[in-house]
Amino acid sequence: MTVRTRFAPSPTGFLHIGGARTALYNWLYAKRHGGTFLLRVEDTDADRSTTESMQIILDGLRWLGLEWDEGPGVGGPCGPYFQSERVGIYDRYLAKLEAAGLVYEDEGAIRFRVPDKLITVSDLVCGEVSTNLKEAGSRRYDADLKREVEANPDIVIKRPNGGYIFHFVNVVDDIEMAITHVIRGEDHLSNTPKHLALFEAFGVTPPQFAHIPLNLNPSGTKMSKRDQGALIHEYQDAGFLPSGVNNYMALLGWSAKDDQEIFTMEELKSRFDLTGVNSSNSKFDFDKCRWVNGEHLKRLTTEEFEQLAGPFLAKAGIAPEDPRVPTALGLARDRVQTLGEVPAIIGTIFAGSVTYDEASVAKVKEKADLAAVIEALITSLEAASDWSIDGIKAAVTSGAESLGVKMGTLMLPCRVATMGSTSGADLVPVLVLLGKEETVKRLRGFGGIIA
RNA sequence: GACCCGUUCGUCUAAGGGUUAGGACACCGCCCUUUCACGGCGGUAAUACGGGUUCGAAUCCCGUACGGGUCGCCA
């Protein structure tokens with residue numbers, strides 16, 4: 001049987017990292033087994049569903065490269081892929097339950113009679129979990145009263161206003177769309193017996209279930225929109241690579257069982273499997289996510305890096321077609337973990353003026369003879385006949401000799417004077433790009449500031 | 001509160017009865033570098049606790065603690 005997996009988001013406005021990872025696991029599992037990955041929009045709650053909020057989710061999935069084989073925009077044999085357009089199908093399935101005497105009306109809503117027996121979920125990740133819905137559902141915790149109250153264990157599947165409820169449509173669609181593997185967050189594990197009861201009521205063999213552990217924020221609670229790294233579009237804005245984000249998401253809850261940490265999408269596709277998914281929740285570590293992304297950045301070709309960095313340069317006011325850009329990018333390349341960090345490294349090269357970092361200035365000011373050092377730099381660099389890496393080095397060396405100090409003594413003040421900070425890209429190549437005139441101008445300007 | 005799931009360095013994880021408990025991020029140190037990084041090498045750091053079973057337990061069983069989840073006419 002061909003594997004068919006699905007991602008079924010409800011359009012609440014953002015593609016959350018947890019949802020994205022669920023989508024990734026489903027996508028990878030389908031790819032790994034030569035199957036089909038489908039996207040279904042669970043928009044039964046009309047109040048919360050808008051076109052824009054759905055578009056953000058689709059855009060996020062496309063950016064990640066998790067293209068769906070069936071679903072919105074591409075169609076497929078099991079459409080429509082919006083639950084809001086499938087009411088006729090749900091009516092038909094409801095009629096089946098009615099015919100079997102398994103539903104009844106209760107204050108305008110339709111309830112499904114849950115069976116009074118032990119239902120066992122055989123989960124590919126969590127193992128076997130058993131529940132009796134009739135027993136478990138006959139009590140409910142009332143948050144206001146802070147105690148349990150009597151409850152009707154039969155689940156509502158249709159509202160008085162005609163809208164169908166998640167548990168029902170979810171099962172109907174999984175049947176209609178011939179889903180073979182349901183990979184979803186562990187928060188659904190407790191719901192699964194209800195779904196199994198419905199599959200049985202329809203006389204259908206249920207799909208295999210795999211409940212994957214949740215991603216928690218660093219404080220150990222469920223990731224919320226406000227947590228760093230929670231929303232996929234933020235990765236795009238910050239200059240992450242889709243492959244880097246996918247790689248890190250894959251690692252949160254899954255292991256290849258060897259020491260490999262960096263995977264291309266192709267490698268993930270061939271190596272991912274449910275057997276490597278572990279059952280305990282994981283905390284999101286933004287630093288490691290950045291590191292993984294940095295590794296993906298390093299594996300880019302020069303051309304790819306330049307092309308991808310372009311928009312981030314433009315956003316920072318640097319013209320990507322400036323002839324100095326390729327060299328500057330080469331200097332920034334192996335010291336950034338996201339493309340968004342690039343302008344901070346090389347922006348000052350292209351800027352009309354230098355913004356001085358206070359701590360950096362204070363550090364070079366500690367040297368008593370700073371003014372003399374700057375003066376020597378101006379004199380020797382101005383005299384340089386060959387404005388190349390070697391020529392500049394020779395000039396700085398001669399400046400150092402004139403003061404009777406080592407070249408290294410001049411480098412940090414020169415760095416702060418021309419770039420504003422003690423840290424930054426390799427300085428001599430930066431000076432080459434800056435040009436002699438601008439370099440000397442900046443040194444003079446700095447000399448004026450410290451005087 | 002009831003039920004369900006979980007618990008290995010700070011974090012992500014490996015080890016499916018016998019390992020000096022391995023790797024990665026982060027952190028610290030050293031080397032390289034006449035600057036800044038990259039890089040290389042090394043270090044600190046973990047089996048939640050208590051009972052069993054066993055010649056032998058991170059690994060199997062029970063209990064406790066802690067964490068997370070579910071208990072909607074949300075999905």
Side-chain angles (χ1 to χ4, degrees), chain A residues 8-12 42-45 47-49 83 106-111 121 123 125-127 129-132 135-137 139-143 145-149 151 153 155-161 163-167 169-170 185-194 211 213-214 216 218 220-222 248 251-262 276 278-292 294 298 331-336 345 393 396-397 400 405-416 419 421-428 430-431:
Chain A
S10 64
T12 48
E42 305 217 328
D43 56 350
T44 52
D45 189 352
D47 297 344
R48 285 163 50 176
S49 303
Q83 289 186 331
D106 176 23
E107 301 203 12
I110 307 291
R111 284 186 187 266
V121 182
D123 192 272
V125 173
C126 304
V129 183
S130 303
T131 317
N132 182 319
E135 280 175 18
R139 296 175 306 278
R140 193 187 86 232
Y141 184 66
D142 188 305
L145 268 40
K146 289 191 173 179
R147 64 179 173 81
E148 294 194 338
V149 296
I155 58 180
V156 171
I157 58 175
K158 191 178 185 184
R159 303 182 184 93
N161 72 7
Y164 285 98
I165 299 295
F166 164 72
H167 301 296
V169 294
N170 192 267
E186 198 207 85
D187 48 344
H188 284 297
L189 185 58
S190 299
N191 289 149
T192 307
K194 293 177 186 169
H211 288 90
L214 268 22
L216 274 21
T221 55
K222 213 173 168 183
Y248 181 67
L251 253 27
L252 276 182
W254 169 80
S255 165
K257 304 288 182 188
D258 58 16
D259 291 337
Q260 186 171 346
E261 304 270 347
I262 303 302
N278 62 321
S279 47
S280 55
N281 295 346
S282 53
K283 289 180 187 167
F284 187 85
D285 183 347
F286 199 66
D287 279 340
K288 182 147 186 181
C289 183
R290 290 179 67 251
W291 174 78
V292 169
K298 283 178 193 162
L331 298 174
R333 225 192 129 144
D334 46 5
R335 66 189 71 209
V336 296
I345 307 281
K393 277 186 181 170
V396 175
T397 305
V405 298
K406 289 182 293 185
M407 176 185 176
T409 311
L410 302 202
M411 289 299 280
L412 207 61
C414 186
R415 174 182 284 284
V416 173
M419 292 294 283
S421 170
T422 51
S423 70
D426 194 6
L427 187 60
V428 176
V430 163
L431 296 183

> Please state how far atom CZ in A/Arg147 lies from atom C1' in B/G1, giving the value in whole angstrom units.
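It works out to 11 Å between those atoms.
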> Report, one pair per line, the protein and nucleotides 18-22 of chain B atoms (nitrogen or oxygen only) whose separation is under 3.5 Å.
none

> For A/Asn170 versus A/Glu42, what's the shortest heavy-atom pair and its separation?
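That would be ND2-OE2, 3.2 Å.
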> Once you apply a heavy-atom cut-off of 4.0 Å, does A/Thr221 come out as touching a base, just sugar-phosphate, or nothing?
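Sugar-phosphate contact only - A/Thr221 comes under 4.0 Å of backbone atoms but never of a base.
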> Consider the side chain of A/Arg140, meaning its heavy atoms from C-beta on, and name the nucleotide among B/C73, B/G72, B/G10 that approaches it most closely.
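Side chain of A/Arg140 sits closest to B/G72.
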> Assess whether a salt bridge exists between A/Lys283 and A/Asp285, defined as any Lys/Arg side-chain N lying under 4.0 Å from an Asp/Glu carboxylate O.
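No, A/Lys283 and A/Asp285 are not salt-bridged.
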> Mapping A/Leu252 and A/Glu148 onto RNA chain B by nearest heavy atom, which one lands closer to the 5' end?
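Its nucleotide being nearer the 5' end, the pick is A/Glu148.
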> Between P on B/G10 and NZ on A/Lys283, what's the gap in Å once rounded to a whole number?
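Nearest whole value for this atom pair: 10 Å.
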> Does a side-chain N or O of A/Ser10 approach OP1 or OP2 of B/C74 to a distance below 4.0 Å, or not?
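No, A/Ser10 has no side-chain N/O under 4.0 Å of OP1/OP2 on B/C74.
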> Rounding to the closest angstrom, what is the interatomic distance between B/G10 and B/C73 at atom P?
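About 43 Å, rounded to a whole number of Å.
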> Answer yes or no: does a side-chain N or O of A/Lys146 lie under 4.0 Å from OP1 or OP2 of B/G1?
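For B/G1, neither OP1 nor OP2 has a side-chain N or O of A/Lys146 closer than 4.0 Å.
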> Under the 3.5 Å rule, do the base of B/A24 and the side chain of A/Lys288 count as making a donor-acceptor pair?
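Check passes, donor-acceptor contact within cut-off.
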> Would A/Met411 and A/Leu427 count as a side chain to side chain contact (heavy atoms under 4.5 Å, CB included) if you check the C-alpha gap in whole Å, the side-chain angles of each, and the deciding distance to 0.1 Å?
CA-CA 8 Å; A/Met411 289 299 280; A/Leu427 187 60; 4.2 Å; yes
> Ignoring hydrogens and geometry, is there a side-chain-to-backbone donor-acceptor pair from A/Thr397 to A/Lys393 under 3.5 Å?
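Such a contact is found between A/Thr397 side chain and A/Lys393 backbone.
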> Which value, in whole Å, describes the distance between the C1' atoms of nucleotides B/C25 and B/G43?
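The answer is 16 Å between these two C1' atoms.
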> Go through B/A14, B/A26, B/C73 for me and flag the one nearest to the A/Asp287 side chain.
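Of B/A14, B/A26, B/C73, B/A26 is nearest to the side chain of A/Asp287.
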> Can you tell me the Watson-Crick or wobble partner of B/C55, both distances under 3.5 angstrom?
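Checking every strand shown, B/C55 finds its partner in B/G18, with both distances under 3.5 Å.
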> Is a side-chain N or O of A/Ser421 found less than 3.5 angstrom from the main chain of A/Ser423, in a donor-acceptor match?
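Present.
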> If I pick the C1' atom on B/C71 and the same atom on B/C12, what distance separates them, to the nearest angstrom?
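To the nearest whole Å, 31 Å.
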> Suppose you measure atom C1' in B/A2 against the same atom in B/C60; what distance do you get, rounded to whole Å?
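B/A2 and B/C60 have their C1' atoms separated by 28 Å.
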> Step by step, work out the side chain to side chain contact (heavy atoms under 4.5 Å, CB included) result for A/Tyr248 and A/Arg290.
CA-CA 9 Å; A/Tyr248 181 67; A/Arg290 290 179 67 251; over 6 Å; no
> Looking at B/U70, B/C73, B/G10, which one has an atom nearest to any side-chain atom of A/Lys222?
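Looking only at side-chain atoms, A/Lys222 lies closest to B/U70.
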> Rounded to the Å, how far apart are A/Tyr248 OH and B/A26 P?
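From A/Tyr248 OH to B/A26 P: 12 Å.
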> Quick check against the 3.5 Å criterion: does A/Arg335 have a side-chain atom that pairs as donor or acceptor with the backbone of A/Gly424?
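Yes; at least one donor-acceptor contact below 3.5 Å.
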> A/Asp187 has a side chain; which of B/A75, B/U11, B/U70 sits nearest to it?
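When the side chain of A/Asp187 is considered, B/U70 is the closest of B/A75, B/U11, B/U70.
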> Using the purine O4'-C1'-N9-C4 or pyrimidine O4'-C1'-N1-C2 torsion, is B/C38 syn (within 90° of 0) or anti?
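That one's syn.
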> Which part of the nucleic acid, if any, lies within contact of A/His211, taking any heavy atom under 4.0 Å across all strands shown: a base, the sugar-phosphate backbone alone, or nothing?
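Nothing, no nucleic acid heavy atom in range.
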> Between B/G69 and B/A75, how many Å separate the two C1' atoms, rounded to a whole number?
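Comparing C1' positions in B/G69 and B/A75 gives a spacing of 15 Å.
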> Which listed nucleotide (B/C71, B/G10, B/G69) is nearest to the side chain of A/Lys194?
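Per side-chain heavy atoms of A/Lys194, the pick is B/C71.
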> Tell me: OH of A/Tyr141 to P of B/A2, nearest whole Å?
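After rounding, the reported distance stands at 10 Å.
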> With both distances under 3.5 Å as the test, what is the Watson-Crick or G-U wobble partner of B/A2?
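Its partner is B/U70 (Watson-Crick or G-U wobble, both distances under 3.5 Å).
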> Applying a 4.0 Å non-hydrogen cut-off, can you work out what A/Glu135 is touching in the nucleic acid: base, sugar-phosphate, or nothing?
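Nothing: the residue A/Glu135, judged by heavy atoms under 4.0 Å, touches no strand.
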> For each nucleotide in nucleotides 3-9 of chain B, reading 5' to 3', give B when a protein heavy atom comes within less than 4.0 Å of its base, S when such contact involves only the sugar-phosphate, and - otherwise.
-SSSS--
> Distance check needed: B/A75 C1' versus A/His167 NE2, whole Å only.
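In whole Å, B/A75 C1' and A/His167 NE2 are 9 Å from each other.
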> Do any N or O atoms from the side chain of A/Asp43 and from the backbone of A/Gln83 form a donor-acceptor pair under 3.5 angstrom?
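Such a contact is found between A/Asp43 side chain and A/Gln83 backbone.
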> Quick one: does any side-chain atom of A/Asn132 pair with a main-chain N or O of A/Glu135 as donor and acceptor, under 3.5 Å?
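Pair found, side chain donor or acceptor close to backbone of A/Glu135.
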> If only atom types and distance count, is the side chain of A/Asp142 paired as donor or acceptor with the main-chain N or O of A/Glu148 below 3.5 Å?
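A pair under 3.5 Å: no.
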> Applying the Watson-Crick and G-U wobble criteria at under 3.5 Å, what pairs with B/C27? Answer none if nothing qualifies.
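Base partner found: B/G43.
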> If you measure from the C1' atom in B/A46 to the same atom in B/U7, how many Å do you get, rounded?
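Here B/A46 and B/U7 have their C1' atoms 12 Å from each other.
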> Between atom OH of A/Tyr164 and atom CZ of A/Arg159, what is the distance when rounded to the nearest 0.5 Å?
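These two atoms lie 11.5 Å from each other.
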> With the sugar-phosphate defined as primed atoms, P, OP1 and OP2, and the base as all remaining atoms, what B/S/- string results for nucleotides 31-45 of chain B, 5' to 3', for protein heavy atoms under 4.0 Å?
---BBBBSS------
> For B/G63, which nucleotide is its Watson-Crick or G-U wobble mate, given both distances must be under 3.5 Å?
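Its partner is B/C49 (Watson-Crick or G-U wobble, both distances under 3.5 Å).
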> Taking CZ from A/Phe284 and P from B/U13, how many angstroms apart are they, rounded to a whole number?
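It is 13 Å, rounded to the nearest whole Å.
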> For the C1' atoms, the ones on B/G6 and on B/U44, what distance do you get once it is rounded to whole angstrom?
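So the two C1' atoms sit 28 Å from each other.
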> Paired with B/U33 by Watson-Crick or G-U wobble geometry, both distances under 3.5 Å: which nucleotide is it?
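Partner of B/U33: none.
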> When you measure from the side chain of A/Thr192 to the backbone N and O of A/His188, does any donor-acceptor pair fall under 3.5 Å?
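Yes: the side chain of A/Thr192 pairs with the backbone of A/His188.
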> Evaluate the criterion side chain to side chain contact (heavy atoms under 4.5 Å, CB included) for residue pair A/Lys158 and A/Arg111; output intermediate values, then yes/no.
CA-CA 7 Å; A/Lys158 191 178 185 184; A/Arg111 284 186 187 266; over 6 Å; no
> Work out how far the P atom of B/G40 is from that of B/U47, and round it to whole angstrom.
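Those two atoms are separated by 30 Å.
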> Look through every strand shown and name the nucleotide pairing with B/U8 as Watson-Crick or G-U wobble, where both distances are under 3.5 Å.
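For B/U8, the partner nucleotide comes out as none, under the 3.5 Å rule.
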> Using a heavy-atom cut-off of under 4.0 Å over every strand shown, decide if A/Gly253 touches base, sugar-phosphate, or nothing.
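Sugar-phosphate only.
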> Decide yes or no for A/Phe284 and A/Leu252: does some side-chain heavy atom of the first lie under 4.5 Å from some side-chain heavy atom of the second?
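Yes, at least one pair of side-chain atoms sits under 4.5 Å.
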> For A/Ile262 and B/A24, give me the distance from atom CD1 to atom C1', rounded to whole Å.
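Distance, rounded to whole Å: 9 Å.
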> Provide, to the nearest angstrom, the distance between the CG atom belonging to A/Asn278 and the P atom belonging to B/G23.
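Rounding to the nearest Å, CG of A/Asn278 and P of B/G23 are 20 Å apart.
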> Looking at every heavy atom in both A/Ser190 and A/Pro193, which two are closest together, and how far apart are they?
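That would be O-CD, 3.5 Å.
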